[in-house]
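Just below is one structure, and these are the notes that go with it.
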Amino acid sequence: MSIADKRCFNHPDREVAIRCPECGRFYCRECTSEYHDRFLCKTCLDSLGTVIEKQRTSFWRLLKPGVGFISGFILSWLLFYGLAQIIYTIPAYFHSGIIQHEEKK
Ligand SMILES: [Zn+2]
Ligand SMILES: [Zn+2]
């Protein structure tokens with residue numbers, strides 16, 4: 001059985017032009033794309049593309065939660081620090097105000 005007898009995996013009516021080196025399936029020219037001097041089918045190209053994309057974003061994916069955690073920690077610390085400052089200052093005013101009021105009596 002020669003390659004000419006085979007039909008495209010996606011198009012049963014089309015003659016095979018390329019055999020995908022990744023999955024070994026036969027495809028017509030339309031179903032394949034050149035990738036690093038190799039002709040791969042679109043399915044393999046997509047999976048390769050996602051692998052490359054994963055490798056590219058893995059660093060940021062690892063970094064992002066750390067940055068998010070640190071910035072969140074700093075933000076919450078600042079928020080609590082600011083709140084603590086407000087909480088500490090407001091009762092002091094009230095307290096001194098009450099004392100002054102009581103002293104006047
Ligand atoms: Zn393939
Ligand atoms: Zn095809």
Side-chain angles (χ1 to χ4, degrees):
M1 205 173 178
S2 69
I3 195 164
D5 299 322
K6 291 195 181 291
R7 290 290 176 266
C8 173
F9 185 74
N10 295 326
H11 307 95
D13 56 324
R14 286 186 197 178
E15 269 184 28
V16 162
I18 281 136
R19 188 186 181 202
C20 176
E22 285 293 316
C23 61
R25 291 195 193 110
F26 294 93
Y27 292 95
C28 69
R29 196 157 269 281
E30 204 184 283
C31 292
T32 54
S33 299
E34 203 180 343
Y35 178 80
H36 286 263
D37 300 321
R38 283 199 305 171
F39 276 95
L40 300 176
C41 72
K42 288 212 165 69
T43 314
C44 289
L45 204 74
D46 283 350
S47 60
L48 261 166
T50 50
V51 164
I52 290 155
E53 198 63 41
K54 269 179 190 171
Q55 283 172 342
R56 203 184 293 159
T57 53
S58 63
F59 174 73
W60 294 106
R61 273 184 195 171
L62 280 166
L63 197 79
K64 240 183 179 178
V67 169
F69 177 76
I70 291 157
S71 62
F73 180 78
I74 290 161
L75 209 85
S76 59
W77 184 83
L78 281 167
L79 199 80
F80 276 112
Y81 184 78
L83 271 168
Q85 289 294 302
I86 292 157
I87 288 158
Y88 276 124
T89 49
I90 286 169
Y93 281 121
F94 278 124
H95 197 68
S96 60
I98 289 155
I99 288 163
Q100 274 171 9
H101 190 72
E102 280 175 348
E103 275 173 350
K104 272 177 191 174
K105 263 186 176 174

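Both counts, for ligands and for their atoms, begin at 1 and track the order of listing. As the structure is a prediction and not an experimental result, all values here were calculated from the model.
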(request) Give, rounded to 10 degrees, the angle between SG (Cys23) and SG (Cys20) as seen from the Zn ion (ligand 1). (result)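 Rounded to 10°, it measures 110°.
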
(message) I'd like to know if Arg38 and Glu22 make a salt bridge, using a cut-off of under 4.0 Å between side-chain N and carboxylate O.
(response)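 Looking at Arg38 and Glu22, the cut-off is met.
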
(message) Tell me whether the NZ or CZ atom of Arg14 lies within the 45° cone about the ring axis of Phe9 and under 6.0 Å from its centre.
(response)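 Ring-cation test returns no.
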
(request) Considering just N/O/S atoms, say which atom of His11 is closest to the Zn ion (ligand 2). (result)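 Within His11, restricted to N, O or S, the Zn ion (ligand 2) is closest to atom ND1.
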
(message) Is there a continuous path of hydrophobic side-chain contacts, each under 4.5 Å between heavy atoms, that joins Leu78 to Ile70?
(response)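 In one cluster: yes.
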
(request) Assess whether atom OH of Tyr35 is packed by more than 12 heavy atoms of other residues, nucleotides or ligands within 6.0 Å. (result)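 Yes, OH of Tyr35 has more than 12 neighbouring heavy atoms, counting only those of other groups under 6.0 Å.
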
(message) Rounding to 10°, state the angle centred on the Zn ion (ligand 2) that links SG in Cys8 with SG in Cys31.
(response)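 With the Zn ion (ligand 2) as the vertex, the angle is close to 110°.
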
